[in-house]
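Values reported hereafter were calculated over all heavy atoms of this structure, with side chains retained and with hydrogens, waters and symmetry mates removed. By convention here, the first residue in the shown sequence is residue 1.
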Amino acid sequence: QRADVVIELGSMLSAYPAEQSTVDALSQSLRRDSSLLVRALAARAMELSRDERFVPTLLVSLKTEKDISIRKASIYALAYQRSSQVVGVLLPLLRDKKQDIRAAASFALAEIGDPVARDSLIDLLKKRGKDEDIFARSQAARGLGKMAYPESIEALIISLNRDKAQDVRRASAQALGLIAGNQEMKAVEALELA
């Protein structure tokens with residue numbers, strides 16, 4: 001029943017703003033419910049709401065939660081919160097020992113698009129030797145495209161030409177298309193070659 005209630009709340013919160021009592025109830029569920037499923041669904045409901053009042057609870061969840069699926073759900077919920085505090089918490093997760101956490105953090109940082117993350121995303125994109133980080137690298141390329149910094153072009157061209165993963169090369173090409181105008185001949189030539 002608790003899981004059903006949280007699912008329904010998530011559905012409602014995707015269309016309507018949350019009352020403070022709902023924010024409190026979902027926060028309580030994420031922090032204290034005995035069921036892993038209910039805690040993960042509470043984080044998902046928070047993601048659907050995109051309400052910044054959930055940020056403190058989600059940040060605490062990242063620090064205290066042991067279950068990887070709930071930590072991932074919390075990261076995905078934070079992907080729609082554009083704040084320097086959230087970016088500051090997500091950046092170190094790009095080096096987490098768990099592949100799923102690195103990938104979720106890369107996705108979230110790409111969604112947020114904060115320029116502070118640019119160098120970390122470039123570093124992640126350069127780690128071509130780790131095949132398990134394909135999703136994380138593709139999200140890093142996507143994030144660099146969203147940020148549209150010409151300084152990212154060189155790393156994206158290298159990724160386009162050298163990464164073994166098709167998904168990463170595709171994301172790099174799309175990012176180059178977003179960044180490079182007709183004046184960026186090096187990027188245009190790389191795209192034509194690809």
Query - Atom CD of E52: over 12 foreign heavy atoms under 6.0 Å - result: no
Report task. To the nearest 0.5 angstrom, please state how far the CG atom of L90 sits from the CD1 atom of I101. Result -> 10.5 Å
**Report entry** Charged N-O contact under 4.0 Å between D133 and K127
**Finding:** no
**Report entry** Exercise: identify the closest heavy-atom pair between R118 and S152
**Finding:** CD-OG, 3.6 Å
Report summary line: Closest non-hydrogen atoms of S138 and D167, given as atom of the first, atom of the second and distance, are CB-O, 3.8 Å
Report summary line: Interatomic distance, CG@L36 vs CD1@I70, rounded to 0.5 Å, equals 4.5 Å
Query raised in the report: Just by distance, do the side chain of S172 and the backbone of A141 share a donor-acceptor pair under 3.5 Å?
Result: no
Query raised in the report: Are L91 and V60 connected in a single hydrophobic cluster, I mean Ile/Leu/Val/Met/Phe/Trp/Tyr linked by side-chain heavy atoms less than 4.5 Å apart?
Result: no
Query - Donor-acceptor contact below 3.5 Å, side chain K146 vs main chain E111 - result: yes
Query raised in the report: Does S74 offer a backbone N or O that forms a donor-acceptor pair with the side chain of E47 under 3.5 Å?
Result: no
Query raised in the report: Distance-only, no hydrogens or angles: does the R137 side chain make a donor-acceptor pair with backbone N or O of S159 under 3.5 Å?
Result: no
Query raised in the report: So among T57, L41, L78, which one has a side-chain contact (heavy atoms from CB on, under 4.5 Å) with M46?
Result: T57
Query raised in the report: Is a side-chain N or O of R82 found less than 3.5 angstrom from the main chain of D114, in a donor-acceptor match?
Result: no
Query raised in the report: Between L48 and R44, does a side-chain contact (heavy atoms from CB on, under 4.5 Å) hold up when you go through it step by step?
Result: CA-CA 6 Å; L48 291 170; R44 175 66 176 144; 3.6 Å; yes
Query raised in the report: Got a second to check how far L193's CG is from L160's CG, nearest 0.5 Å?
Result: 9.0 Å
Report task. Supply the atom-to-atom distance L156 CG to N161 CG, rounded to the nearest 0.5 angstrom. Result -> 11.0 Å
**Report entry** Under 3.5 Å: donor-acceptor pair, side chain of R39, backbone of D33
**Finding:** yes
Query raised in the report: Above 12 or not: heavy atoms from other molecules or residues under 6.0 Å from CD of Q20?
Result: yes
Requested in this report: Could you walk me through whether R102 and Q99 pass the side-chain hydrogen bond (donor to acceptor under 3.5 Å, both in side chains) test, one step at a time?
Outcome: CA-CA 5 Å; R102 291 191 306 268; Q99 171 195 354; 5.4 Å; no
Query raised in the report: In terms of ring plane angle, is the pair F135 and F107 parallel, tilted or perpendicular, where the classes change at 30° and 60°?
Result: parallel
Report task. Could you give me the CA-CA distance, side-chain angles and deciding distance for V23 and F54, then say whether side-chain contact (heavy atoms from CB on, under 4.5 Å) is met? Result -> CA-CA 7 Å; V23 171; F54 289 119; 3.8 Å; yes
Report task. Please report the closest heavy-atom contact between A117 and M147, naming both atoms and the distance. Result -> CB-CE, 4.1 Å
